[in-house]
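See below for the structure under consideration.
Just so it is clear: chains get the letters A, B, ... in the order the sequence lines come, proteins before strands, and each one is counted from 1.
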Amino acid sequence: MPTTTEDLRARGLVHQVTDEALFERLDAGGLTVYAGFDPTADSLHIGHLLQLCTLRRLQLAGHRPIALAGGGTGMIGDPGGKSAERPLLSVEEIRSNVESIRGQLARFLDFDDAAGPTRALLLDNADWLSPLTVLEFLRDVGKNFTVNQMVAKESVRSRLERPDQGITYTEFSYMLLQAYDFARLNEDHGCTLQIGGSDQWGNITMGIELVHRRSGDKAYGLTSPLVTKADGTKFGKSESGNDRVWLDAGRTSPYRLYQFFLGVEDAMVGTYLRYFTYLDLDEITELDQATEQRPHERAAQRALAAAVVSLVHGESECARAQEASAALFSGRVATLDEATLLDVASEVPASTLAAARVADGVLLVDLLAETGLVASKGEARRAIEQNGAFVNDEVRPGLDALVTGDDLLHGRYVVLRRGKRSYHLVTVA
RNA sequence: GGAUCGGUGCCCGAGUGGCCAAAGGGAUCUGGCUGUAAACCAGACGGCUCAGCCUACGGGGGUUCGAAUCCCUCCCGGUCCA
(Lines give C-alpha, C1' and ligand atoms only; values in the text may rest on other atoms or scores of the structure.)
Protein backbone atom coordinates (compact mmCIF):
# COMPACT_ATOMS: atom_id res chain seq x y z
CA MET A 1 0.00 0.00 0.00
CA PRO A 2 1.68 3.22 -1.11
CA THR A 3 1.62 6.28 1.08
CA THR A 4 -0.51 9.21 0.06
CA THR A 5 2.53 11.03 -1.20
CA GLU A 6 3.78 8.04 -3.16
CA ASP A 7 0.36 7.60 -4.68
CA LEU A 8 0.01 11.25 -5.70
CA ARG A 9 3.49 11.28 -7.17
CA ALA A 10 3.09 8.03 -9.03
CA ARG A 11 -0.12 9.28 -10.55
CA GLY A 12 1.58 12.41 -11.78
CA LEU A 13 -0.70 14.62 -9.73
CA VAL A 14 2.01 16.77 -8.23
CA HIS A 15 2.99 19.72 -10.33
CA GLN A 16 4.24 22.16 -7.72
CA VAL A 17 4.23 22.27 -3.93
CA THR A 18 4.90 25.32 -1.85
CA ASP A 19 6.88 23.29 0.68
CA GLU A 20 8.11 19.71 0.59
CA ALA A 21 7.22 19.45 4.24
CA LEU A 22 3.63 19.13 3.13
CA PHE A 23 4.18 15.53 2.15
CA GLU A 24 4.86 14.36 5.68
CA ARG A 25 1.64 15.92 6.79
CA LEU A 26 -0.25 14.42 3.90
CA ASP A 27 0.97 10.99 4.88
CA ALA A 28 0.00 11.60 8.48
CA GLY A 29 -3.60 12.43 7.60
CA GLY A 30 -5.97 14.79 9.31
CA LEU A 31 -5.46 17.88 7.18
CA THR A 32 -8.26 20.10 6.04
CA VAL A 33 -7.88 20.82 2.34
CA TYR A 34 -9.87 22.93 -0.05
CA ALA A 35 -10.38 23.49 -3.73
CA GLY A 36 -12.51 26.20 -5.26
CA PHE A 37 -15.06 25.92 -8.06
CA ASP A 38 -16.36 29.02 -9.75
CA PRO A 39 -20.03 28.87 -10.68
CA THR A 40 -19.76 30.16 -14.23
CA ALA A 41 -22.39 27.67 -15.40
CA ASP A 42 -25.10 25.57 -13.82
CA SER A 43 -22.99 22.46 -14.11
CA LEU A 44 -19.44 21.45 -13.48
CA HIS A 45 -17.61 20.16 -16.50
CA ILE A 46 -14.76 17.90 -17.28
CA GLY A 47 -12.25 20.64 -16.64
CA HIS A 48 -13.18 20.40 -12.97
CA LEU A 49 -12.79 16.66 -12.89
CA LEU A 50 -9.19 16.51 -11.80
CA GLN A 51 -9.67 18.69 -8.74
CA LEU A 52 -12.81 16.79 -7.82
CA CYS A 53 -11.00 13.50 -8.11
CA THR A 54 -8.04 14.73 -6.13
CA LEU A 55 -10.19 16.09 -3.33
CA ARG A 56 -11.90 12.74 -3.17
CA ARG A 57 -8.55 10.99 -3.18
CA LEU A 58 -7.43 13.06 -0.23
CA GLN A 59 -10.64 12.37 1.64
CA LEU A 60 -10.12 8.66 1.13
CA ALA A 61 -6.62 9.14 2.48
CA GLY A 62 -7.94 10.52 5.75
CA HIS A 63 -8.19 14.24 5.16
CA ARG A 64 -11.15 16.54 5.37
CA PRO A 65 -12.06 18.14 2.04
CA ILE A 66 -13.80 21.43 1.59
CA ALA A 67 -15.41 22.15 -1.74
CA LEU A 68 -15.71 25.87 -2.01
CA ALA A 69 -18.31 27.21 -4.38
CA GLY A 70 -17.28 30.62 -5.58
CA GLY A 71 -20.59 32.40 -5.18
CA GLY A 72 -18.68 35.54 -4.31
CA THR A 73 -15.57 35.28 -6.45
CA GLY A 74 -17.72 34.14 -9.35
CA MET A 75 -19.12 37.64 -9.42
CA ILE A 76 -15.65 38.98 -10.17
CA GLY A 77 -14.12 36.50 -12.57
CA ASP A 78 -10.69 34.97 -12.44
CA PRO A 79 -8.35 36.63 -14.93
CA GLY A 80 -6.18 33.53 -14.98
CA GLY A 81 -6.29 31.42 -18.12
CA LYS A 82 -8.45 33.98 -19.82
CA SER A 83 -7.08 36.07 -22.60
CA ALA A 84 -9.77 38.67 -22.25
CA GLU A 85 -11.99 40.26 -19.70
CA ARG A 86 -15.05 38.17 -19.28
CA PRO A 87 -18.64 39.23 -18.92
CA LEU A 88 -20.06 39.39 -15.45
CA LEU A 89 -22.87 37.04 -14.55
CA SER A 90 -25.91 38.34 -12.79
CA VAL A 91 -26.32 37.70 -9.10
CA GLU A 92 -29.33 35.49 -9.76
CA GLU A 93 -27.48 33.39 -12.28
CA ILE A 94 -24.63 32.79 -9.90
CA ARG A 95 -26.93 31.89 -7.07
CA SER A 96 -28.78 29.32 -9.12
CA ASN A 97 -25.53 27.96 -10.50
CA VAL A 98 -24.16 27.41 -7.02
CA GLU A 99 -27.30 25.48 -6.14
CA SER A 100 -26.94 23.22 -9.16
CA ILE A 101 -23.29 22.57 -8.52
CA ARG A 102 -23.90 21.55 -4.93
CA GLY A 103 -25.56 18.34 -5.99
CA GLN A 104 -22.74 17.42 -8.32
CA LEU A 105 -20.07 17.93 -5.71
CA ALA A 106 -21.89 15.52 -3.46
CA ARG A 107 -21.21 12.70 -5.90
CA PHE A 108 -17.50 12.96 -5.37
CA LEU A 109 -17.21 13.69 -1.70
CA ASP A 110 -18.65 12.03 1.36
CA PHE A 111 -20.78 14.52 3.25
CA ASP A 112 -22.21 11.94 5.59
CA ASP A 113 -21.85 12.42 9.32
CA ALA A 114 -20.58 8.86 9.50
CA ALA A 115 -17.40 10.06 7.86
CA GLY A 116 -16.51 11.67 11.18
CA PRO A 117 -13.55 14.00 11.10
CA THR A 118 -13.07 13.53 7.36
CA ARG A 119 -16.65 14.54 6.58
CA ALA A 120 -16.58 16.88 3.61
CA LEU A 121 -17.81 20.45 3.79
CA LEU A 122 -19.48 22.45 1.11
CA LEU A 123 -19.13 26.18 1.57
CA ASP A 124 -19.91 29.24 -0.49
CA ASN A 125 -17.54 32.16 -0.30
CA ALA A 126 -20.41 34.55 -0.88
CA ASP A 127 -21.15 33.92 2.80
CA TRP A 128 -18.17 35.98 3.84
CA LEU A 129 -17.40 37.99 0.74
CA SER A 130 -20.84 39.54 0.37
CA PRO A 131 -20.93 41.15 3.80
CA LEU A 132 -17.36 42.37 3.48
CA THR A 133 -17.22 46.10 3.04
CA VAL A 134 -14.79 47.79 0.73
CA LEU A 135 -13.08 49.55 3.59
CA GLU A 136 -12.66 46.37 5.59
CA PHE A 137 -11.32 44.64 2.54
CA LEU A 138 -8.78 47.32 1.80
CA ARG A 139 -7.57 47.51 5.39
CA ASP A 140 -7.61 43.81 6.26
CA VAL A 141 -6.63 42.25 2.99
CA GLY A 142 -5.27 44.83 0.58
CA LYS A 143 -2.85 46.21 3.12
CA ASN A 144 -1.00 42.90 3.15
CA PHE A 145 0.04 42.98 -0.47
CA THR A 146 1.94 45.32 -2.72
CA VAL A 147 0.80 46.07 -6.20
CA ASN A 148 4.31 45.21 -7.27
CA GLN A 149 3.89 41.58 -6.37
CA MET A 150 0.37 41.42 -7.75
CA VAL A 151 1.46 42.76 -11.09
CA ALA A 152 4.19 40.16 -11.23
CA LYS A 153 1.70 37.28 -11.11
CA GLU A 154 1.49 35.34 -14.31
CA SER A 155 -2.27 35.74 -14.60
CA VAL A 156 -1.94 39.49 -14.56
CA ARG A 157 1.29 39.85 -16.43
CA SER A 158 0.09 37.91 -19.43
CA ARG A 159 -2.78 40.29 -19.73
CA LEU A 160 -0.62 43.36 -19.33
CA GLU A 161 1.84 42.18 -21.93
CA ARG A 162 -0.69 41.62 -24.65
CA PRO A 163 -0.82 44.85 -26.59
CA ASP A 164 -4.47 44.45 -27.44
CA GLN A 165 -5.72 43.39 -24.03
CA GLY A 166 -6.06 44.95 -20.68
CA ILE A 167 -7.29 43.93 -17.30
CA THR A 168 -9.82 45.75 -15.21
CA TYR A 169 -9.35 46.61 -11.60
CA THR A 170 -12.16 44.18 -10.87
CA GLU A 171 -10.37 41.16 -12.23
CA PHE A 172 -7.10 42.41 -10.85
CA SER A 173 -8.66 42.16 -7.41
CA TYR A 174 -9.65 38.55 -7.83
CA MET A 175 -6.49 37.13 -6.35
CA LEU A 176 -6.99 39.08 -3.17
CA LEU A 177 -10.46 37.66 -2.73
CA GLN A 178 -9.16 34.15 -3.25
CA ALA A 179 -6.40 34.81 -0.76
CA TYR A 180 -9.02 35.99 1.70
CA ASP A 181 -10.98 32.77 1.16
CA PHE A 182 -7.99 30.74 2.22
CA ALA A 183 -7.51 32.92 5.27
CA ARG A 184 -11.14 32.54 6.28
CA LEU A 185 -11.15 28.80 5.76
CA ASN A 186 -8.00 28.62 7.82
CA GLU A 187 -9.46 30.67 10.64
CA ASP A 188 -12.94 29.17 10.63
CA HIS A 189 -12.19 25.57 9.71
CA GLY A 190 -8.51 24.99 10.30
CA CYS A 191 -7.83 24.57 6.60
CA THR A 192 -4.12 24.49 5.82
CA LEU A 193 -3.95 23.20 2.26
CA GLN A 194 -5.32 24.50 -0.99
CA ILE A 195 -5.14 22.45 -4.15
CA GLY A 196 -5.77 23.61 -7.68
CA GLY A 197 -4.64 23.52 -11.26
CA SER A 198 -1.21 24.81 -12.14
CA ASP A 199 -2.75 28.11 -13.19
CA GLN A 200 -3.84 28.65 -9.60
CA TRP A 201 -0.32 28.79 -8.25
CA GLY A 202 -0.17 32.55 -7.95
CA ASN A 203 -3.53 32.81 -6.22
CA ILE A 204 -2.67 30.00 -3.84
CA THR A 205 0.62 31.49 -2.75
CA MET A 206 -1.09 34.79 -2.07
CA GLY A 207 -3.48 32.93 0.20
CA ILE A 208 -0.69 31.21 2.04
CA GLU A 209 0.92 34.52 2.68
CA LEU A 210 -2.27 36.05 3.97
CA VAL A 211 -2.86 33.09 6.27
CA HIS A 212 0.59 33.51 7.68
CA ARG A 213 0.23 37.23 8.22
CA ARG A 214 -3.13 37.00 9.87
CA SER A 215 -2.79 33.96 12.08
CA GLY A 216 0.86 32.99 11.89
CA ASP A 217 -0.30 29.58 10.74
CA LYS A 218 1.71 27.66 8.17
CA ALA A 219 -0.38 26.80 5.12
CA TYR A 220 0.47 24.86 1.99
CA GLY A 221 -0.38 24.77 -1.67
CA LEU A 222 -0.33 21.86 -4.08
CA THR A 223 -1.00 22.20 -7.77
CA SER A 224 -1.73 19.55 -10.34
CA PRO A 225 -0.57 19.58 -13.93
CA LEU A 226 -2.69 20.99 -16.69
CA VAL A 227 -4.70 18.20 -18.28
CA THR A 228 -3.96 18.12 -21.96
CA LYS A 229 -4.37 15.91 -24.95
CA ALA A 230 -1.42 14.24 -26.65
CA ASP A 231 -0.86 17.22 -28.91
CA GLY A 232 -0.74 19.59 -26.00
CA THR A 233 -4.11 21.17 -26.59
CA LYS A 234 -6.75 21.53 -23.96
CA PHE A 235 -8.57 18.48 -22.75
CA GLY A 236 -12.30 18.54 -22.38
CA LYS A 237 -13.94 19.38 -25.65
CA SER A 238 -16.45 16.86 -26.82
CA GLU A 239 -15.58 14.64 -29.73
CA SER A 240 -18.00 16.52 -31.92
CA GLY A 241 -17.95 20.26 -31.97
CA ASN A 242 -16.76 22.72 -29.42
CA ASP A 243 -19.18 21.72 -26.73
CA ARG A 244 -17.78 21.16 -23.34
CA VAL A 245 -18.25 17.81 -21.76
CA TRP A 246 -20.45 18.36 -18.73
CA LEU A 247 -20.99 16.36 -15.60
CA ASP A 248 -24.71 17.08 -15.72
CA ALA A 249 -26.63 14.24 -17.37
CA GLY A 250 -29.02 16.69 -18.95
CA ARG A 251 -26.23 18.46 -20.78
CA THR A 252 -23.99 15.51 -21.57
CA SER A 253 -25.71 12.17 -21.38
CA PRO A 254 -23.97 9.30 -19.59
CA TYR A 255 -23.68 7.66 -22.98
CA ARG A 256 -21.86 10.65 -24.43
CA LEU A 257 -19.59 10.89 -21.42
CA TYR A 258 -18.81 7.21 -21.79
CA GLN A 259 -18.10 7.71 -25.47
CA PHE A 260 -15.88 10.65 -24.73
CA PHE A 261 -13.59 8.59 -22.56
CA LEU A 262 -13.79 5.55 -24.77
CA GLY A 263 -12.39 7.67 -27.57
CA VAL A 264 -9.34 8.82 -25.63
CA GLU A 265 -6.03 8.54 -27.47
CA ASP A 266 -3.77 5.63 -26.65
CA ALA A 267 -0.99 8.02 -25.76
CA MET A 268 -3.02 9.62 -22.99
CA VAL A 269 -5.20 6.86 -21.62
CA GLY A 270 -2.65 5.79 -19.02
CA THR A 271 -2.29 9.32 -17.78
CA TYR A 272 -6.02 9.77 -17.46
CA LEU A 273 -6.43 6.45 -15.68
CA ARG A 274 -3.99 7.72 -13.08
CA TYR A 275 -5.70 11.08 -12.79
CA PHE A 276 -9.34 10.13 -12.81
CA THR A 277 -9.69 6.63 -11.43
CA TYR A 278 -9.05 4.88 -8.15
CA LEU A 279 -7.68 1.72 -9.67
CA ASP A 280 -4.50 0.36 -8.14
CA LEU A 281 -1.34 1.51 -9.82
CA ASP A 282 -0.57 -2.12 -10.56
CA GLU A 283 -3.84 -2.52 -12.39
CA ILE A 284 -3.15 0.58 -14.37
CA THR A 285 0.26 -0.69 -15.33
CA GLU A 286 -1.38 -3.85 -16.62
CA LEU A 287 -3.78 -1.77 -18.65
CA ASP A 288 -0.84 0.16 -20.08
CA GLN A 289 0.60 -3.10 -21.25
CA ALA A 290 -2.72 -4.15 -22.69
CA THR A 291 -2.81 -0.94 -24.70
CA GLU A 292 0.65 -1.57 -26.00
CA GLN A 293 0.15 -5.21 -26.90
CA ARG A 294 -3.49 -5.34 -27.93
CA PRO A 295 -4.43 -1.77 -28.70
CA HIS A 296 -7.50 -2.71 -30.73
CA GLU A 297 -9.16 -4.13 -27.64
CA ARG A 298 -9.07 -0.71 -26.00
CA ALA A 299 -9.11 -2.27 -22.57
CA ALA A 300 -7.66 0.82 -20.94
CA GLN A 301 -10.19 3.12 -22.57
CA ARG A 302 -13.02 0.86 -21.48
CA ALA A 303 -11.77 0.81 -17.92
CA LEU A 304 -11.38 4.58 -17.91
CA ALA A 305 -14.79 5.26 -19.36
CA ALA A 306 -16.48 2.84 -17.00
CA ALA A 307 -14.72 4.25 -13.97
CA VAL A 308 -15.53 7.86 -14.73
CA VAL A 309 -19.14 7.31 -15.74
CA SER A 310 -19.74 5.18 -12.65
CA LEU A 311 -18.30 7.89 -10.47
CA VAL A 312 -20.22 10.71 -12.07
CA HIS A 313 -23.55 9.05 -12.83
CA GLY A 314 -23.57 5.79 -10.87
CA GLU A 315 -23.23 2.13 -11.70
CA SER A 316 -26.54 1.58 -13.38
CA GLU A 317 -26.19 4.55 -15.71
CA CYS A 318 -22.75 3.31 -16.58
CA ALA A 319 -24.10 -0.13 -17.44
CA ARG A 320 -26.73 1.45 -19.68
CA ALA A 321 -24.10 3.51 -21.43
CA GLN A 322 -22.00 0.43 -22.02
CA GLU A 323 -24.94 -1.48 -23.44
CA ALA A 324 -25.94 1.39 -25.66
CA SER A 325 -22.39 1.69 -26.94
CA ALA A 326 -22.20 -1.99 -27.72
CA ALA A 327 -25.52 -1.93 -29.57
CA LEU A 328 -24.91 1.24 -31.56
CA PHE A 329 -21.42 0.34 -32.61
CA SER A 330 -22.37 -3.13 -33.68
CA GLY A 331 -23.81 -1.36 -36.69
CA ARG A 332 -26.96 -3.41 -36.55
CA VAL A 333 -29.45 -1.16 -34.93
CA ALA A 334 -32.05 -2.39 -37.36
CA THR A 335 -31.95 -5.90 -35.93
CA LEU A 336 -32.46 -4.98 -32.30
CA ASP A 337 -35.72 -5.97 -30.67
CA GLU A 338 -37.98 -3.14 -29.68
CA ALA A 339 -37.20 -3.17 -25.98
CA THR A 340 -33.47 -3.06 -26.57
CA LEU A 341 -33.83 -0.40 -29.19
CA LEU A 342 -35.80 1.81 -26.86
CA ASP A 343 -33.33 1.26 -24.10
CA VAL A 344 -30.44 2.21 -26.33
CA ALA A 345 -32.30 5.13 -27.77
CA SER A 346 -32.88 6.64 -24.36
CA GLU A 347 -29.18 7.45 -24.36
CA VAL A 348 -29.19 9.45 -27.57
CA PRO A 349 -31.11 12.55 -28.63
CA ALA A 350 -34.63 11.83 -29.79
CA SER A 351 -37.60 13.54 -31.34
CA THR A 352 -41.00 12.68 -32.71
CA LEU A 353 -42.41 13.00 -36.18
CA ALA A 354 -46.00 13.14 -37.38
CA ALA A 355 -47.16 9.91 -38.99
CA ALA A 356 -48.75 11.78 -41.86
CA ARG A 357 -45.44 13.16 -42.96
CA VAL A 358 -43.81 9.77 -43.04
CA ALA A 359 -46.65 8.41 -45.10
CA ASP A 360 -45.85 10.97 -47.78
CA GLY A 361 -42.15 10.46 -47.41
CA VAL A 362 -39.90 13.01 -45.73
CA LEU A 363 -36.83 14.40 -47.40
CA LEU A 364 -33.80 13.11 -45.55
CA VAL A 365 -32.27 16.57 -45.88
CA ASP A 366 -35.17 18.09 -43.99
CA LEU A 367 -35.23 15.38 -41.38
CA LEU A 368 -31.54 15.69 -40.60
CA ALA A 369 -31.86 19.42 -40.14
CA GLU A 370 -35.04 19.19 -38.07
CA THR A 371 -33.59 16.70 -35.66
CA GLY A 372 -30.64 18.93 -35.01
CA LEU A 373 -28.23 16.27 -36.15
CA VAL A 374 -26.87 18.92 -38.50
CA ALA A 375 -27.07 22.66 -38.04
CA SER A 376 -28.66 23.53 -41.35
CA LYS A 377 -29.96 22.06 -44.55
CA GLY A 378 -26.77 23.03 -46.24
CA GLU A 379 -24.88 20.94 -43.77
CA ALA A 380 -27.35 18.12 -44.27
CA ARG A 381 -26.69 18.17 -48.00
CA ARG A 382 -23.00 18.10 -47.38
CA ALA A 383 -23.33 15.14 -45.03
CA ILE A 384 -25.29 13.25 -47.65
CA GLU A 385 -22.89 14.13 -50.44
CA GLN A 386 -20.02 12.90 -48.33
CA ASN A 387 -21.74 9.63 -47.55
CA GLY A 388 -22.01 10.65 -43.94
CA ALA A 389 -25.76 10.28 -43.54
CA PHE A 390 -27.24 6.98 -42.44
CA VAL A 391 -30.76 5.70 -42.00
CA ASN A 392 -30.92 2.67 -39.74
CA ASP A 393 -27.19 2.24 -40.14
CA GLU A 394 -27.21 2.25 -43.91
CA VAL A 395 -25.83 4.98 -46.11
CA ARG A 396 -28.62 6.83 -47.85
CA PRO A 397 -27.13 8.62 -50.83
CA GLY A 398 -28.80 11.21 -53.00
CA LEU A 399 -30.00 14.68 -52.12
CA ASP A 400 -33.54 13.64 -52.97
CA ALA A 401 -33.50 10.64 -50.64
CA LEU A 402 -36.74 10.12 -48.78
CA VAL A 403 -37.51 8.50 -45.48
CA THR A 404 -40.73 6.58 -45.83
CA GLY A 405 -42.88 4.06 -44.01
CA ASP A 406 -40.61 1.33 -45.31
CA ASP A 407 -37.83 2.63 -43.13
CA LEU A 408 -39.70 2.28 -39.88
CA LEU A 409 -38.33 -0.18 -37.37
CA HIS A 410 -41.04 -1.92 -35.35
CA GLY A 411 -43.53 0.21 -37.18
CA ARG A 412 -42.50 3.51 -35.67
CA TYR A 413 -38.81 4.18 -35.19
CA VAL A 414 -36.12 5.52 -37.46
CA VAL A 415 -32.51 5.67 -36.34
CA LEU A 416 -30.60 8.48 -38.01
CA ARG A 417 -26.88 8.70 -37.88
CA ARG A 418 -24.42 11.30 -39.03
CA GLY A 419 -20.84 10.24 -39.38
CA LYS A 420 -19.60 7.46 -37.21
CA ARG A 421 -21.16 8.29 -33.94
CA SER A 422 -23.82 10.97 -33.91
CA TYR A 423 -27.14 9.26 -33.48
CA HIS A 424 -30.71 10.43 -33.28
CA LEU A 425 -33.88 8.44 -32.75
CA VAL A 426 -37.05 9.55 -34.48
CA THR A 427 -40.31 8.15 -33.18
CA VAL A 428 -43.35 8.41 -35.39
CA ALA A 429 -46.46 9.43 -33.53
C1' G B 1 -10.81 65.52 -21.61
C1' G B 2 -6.65 65.30 -25.61
C1' A B 3 -3.68 62.37 -29.11
C1' U B 4 -3.35 57.93 -31.62
C1' C B 5 -4.20 52.90 -33.24
C1' G B 6 -7.80 49.39 -33.87
C1' G B 7 -12.99 46.48 -34.20
C1' U B 8 -13.33 41.31 -40.75
C1' G B 9 -16.47 34.67 -40.79
C1' C B 10 -15.79 29.69 -34.64
C1' C B 11 -10.50 31.81 -33.49
C1' C B 12 -6.11 34.23 -35.47
C1' G B 13 -5.49 37.14 -39.59
C1' A B 14 -5.08 39.27 -45.09
C1' G B 15 -7.84 42.58 -47.76
C1' U B 16 -7.93 50.18 -48.62
C1' G B 17 -13.77 51.32 -54.44
C1' G B 18 -15.59 46.49 -58.72
C1' C B 19 -12.37 39.98 -60.22
C1' C B 20 -15.13 39.56 -52.16
C1' A B 21 -19.23 34.88 -49.32
C1' A B 22 -14.05 37.76 -48.54
C1' A B 23 -6.54 35.09 -49.13
C1' G B 24 -3.81 32.20 -45.48
C1' G B 25 -3.47 29.46 -40.92
C1' G B 26 -5.83 27.01 -36.84
C1' A B 27 -10.16 24.67 -35.08
C1' U B 28 -14.31 21.84 -36.71
C1' C B 29 -17.06 18.29 -39.82
C1' U B 30 -17.26 14.16 -43.46
C1' G B 31 -14.90 10.25 -46.18
C1' G B 32 -10.44 6.87 -46.65
C1' C B 33 -6.77 3.83 -43.80
C1' U B 34 -7.06 1.70 -38.85
C1' G B 35 -8.73 -0.16 -33.46
C1' U B 36 -15.05 4.15 -31.94
C1' A B 37 -6.76 5.79 -31.13
C1' A B 38 -2.82 8.83 -33.17
C1' A B 39 -0.54 10.17 -37.60
C1' C B 40 -1.54 10.62 -42.64
C1' C B 41 -4.48 11.39 -47.36
C1' A B 42 -8.97 13.60 -49.66
C1' G B 43 -13.14 16.79 -49.48
C1' A B 44 -16.25 20.33 -46.96
C1' C B 45 -16.65 24.52 -43.97
C1' G B 46 -22.85 31.71 -43.82
C1' G B 47 -28.09 30.57 -45.20
C1' C B 48 -31.85 29.22 -48.68
C1' U B 49 -37.09 27.56 -52.42
C1' C B 50 -29.01 26.26 -54.60
C1' A B 51 -26.24 26.85 -62.20
C1' G B 52 -29.90 31.57 -58.80
C1' C B 53 -30.96 34.40 -54.62
C1' C B 54 -30.47 36.36 -49.60
C1' U B 55 -27.58 37.81 -45.37
C1' A B 56 -22.57 39.30 -43.77
C1' C B 57 -16.77 42.69 -42.66
C1' G B 58 -18.79 46.80 -34.59
C1' G B 59 -24.13 49.91 -34.99
C1' G B 60 -26.63 53.73 -37.81
C1' G B 61 -26.55 57.21 -41.83
C1' G B 62 -24.25 59.03 -46.43
C1' U B 63 -21.18 59.32 -51.25
C1' U B 64 -21.09 56.06 -55.69
C1' C B 65 -23.56 52.65 -61.32
C1' G B 66 -20.90 49.78 -57.44
C1' A B 67 -18.33 49.97 -50.45
C1' A B 68 -15.23 45.37 -45.94
C1' U B 69 -12.73 49.28 -48.51
C1' C B 70 -14.38 56.63 -48.99
C1' C B 71 -17.27 60.37 -45.67
C1' C B 72 -20.31 61.48 -41.07
C1' U B 73 -21.88 59.78 -36.48
C1' C B 74 -22.42 56.51 -32.41
C1' C B 75 -20.66 52.22 -29.58
C1' C B 76 -16.52 49.17 -27.90
C1' G B 77 -11.16 48.07 -27.01
C1' G B 78 -5.65 49.22 -26.84
C1' U B 79 -1.64 52.77 -26.06
C1' C B 80 0.25 57.50 -24.59
C1' C B 81 -0.69 62.45 -22.45
C1' A B 82 -3.45 65.65 -18.95
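Taking atom C1' in both B:A68 and B:U4, the straight-line distance is 22 Å, to the nearest Å. Between B:U8 and B:C20, the two C1' atoms lie 12 Å apart (nearest whole Å). Across B:C57 and B:G6, the matching C1' atoms stand 14 Å from one another, rounded to whole Å. Look at the C1' atom in both B:C53 and B:G7: the space between them is 30 Å, to the nearest Å. Going from the C1' atom of B:C48 to that of B:U36 covers 35 Å, rounded to whole Å. Separation of the C1' atoms belonging to B:G62 and B:A14 is 28 Å when rounded to the nearest angstrom. Separation of the P atoms belonging to B:G24 and B:C75 is 37 Å when rounded to the nearest angstrom. Across B:G46 and B:C80, the matching C1' atoms stand 40 Å from one another, rounded to whole Å.
Here A:Arg9 does not pair with A:Glu6 in a salt bridge; the nearest charged N to carboxylate O distance is not below 4.0 Å.
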Could you write nucleotides 34-41 of chain B as a row of B, S and -, 5' to 3', where a protein heavy atom under 4.0 Å of any base atom gives B, of only sugar-phosphate atoms gives S, and otherwise -? BBBBS---

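Across the protein-nucleic acid pair, A:Arg244 atom CZ and B:C10 atom P stand 19 Å apart, rounded to whole Å. For the pair A:Glu370 CD and B:C48 P, the computed distance is 12 Å after rounding to whole Å. If you measure from atom NZ of A:Lys377 to atom C1' of B:A44, you get 20 Å, rounded to the nearest angstrom. Across the protein-nucleic acid pair, A:Arg382 atom CZ and B:C45 atom P stand 5 Å apart, rounded to whole Å.
For the side chain to side chain donor-acceptor pair (under 3.5 Å) criterion with A:Ser43, the lone passing option out of A:Arg251, A:Gln104, A:His48 is A:Gln104. Of the candidates A:Leu425, A:Thr427, A:Val426, A:Thr352 forms a side-chain contact (heavy atoms from CB on, under 4.5 Å) with just one, namely A:Thr427.
Under the Watson-Crick or G-U wobble criterion, with both distances below 3.5 Å, B:U64 is left unpaired in every strand shown. Across all strands shown, B:G17 remains unpaired; no Watson-Crick or G-U wobble contact has both distances below 3.5 Å. In this structure, B:A42 forms a base pair with B:U30, meeting either the Watson-Crick or the G-U wobble geometry with both donor-acceptor distances under 3.5 Å. For B:G77, the paired base is B:C5 (Watson-Crick or G-U wobble, both distances below 3.5 Å).
The closest side-chain heavy-atom distance from A:Val344 to A:Val415 is not below 4.5 Å.
The 12-atom threshold is not exceeded at CD of A:Glu394, counting heavy atoms of other residues, nucleotides or ligands nearer than 6.0 Å. Residue A:Arg294 places its CZ atom among more than 12 non-hydrogen atoms of other residues, nucleotides or ligands, all under 6.0 Å distant.
Heavy-atom distances to RNA chain B give each of A:Ser376 and A:Ala389 a nearest nucleotide, and the one nearer the 5′ end belongs to A:Ala389. Residue whose closest nucleotide on RNA chain B sits further toward the 5' end, between A:Lys229 and A:Asn387: A:Lys229.
Note that A:Arg57 lies outside the cation-pi zone of A:Tyr275, set by a 6.0 Å cut-off to the ring centre and a 45° limit from the axis.
Look at A:Arg418 and you won't find any side-chain N or O under 4.0 angstrom from OP1 or OP2 of B:A44.
Partners of A:Asp407 by side chain to side chain contact (heavy atoms under 4.5 Å, CB included), not counting sequence neighbours, listed by chain and number: A:Val391, A:Asn392, A:Arg396, A:Val403, A:Thr404.
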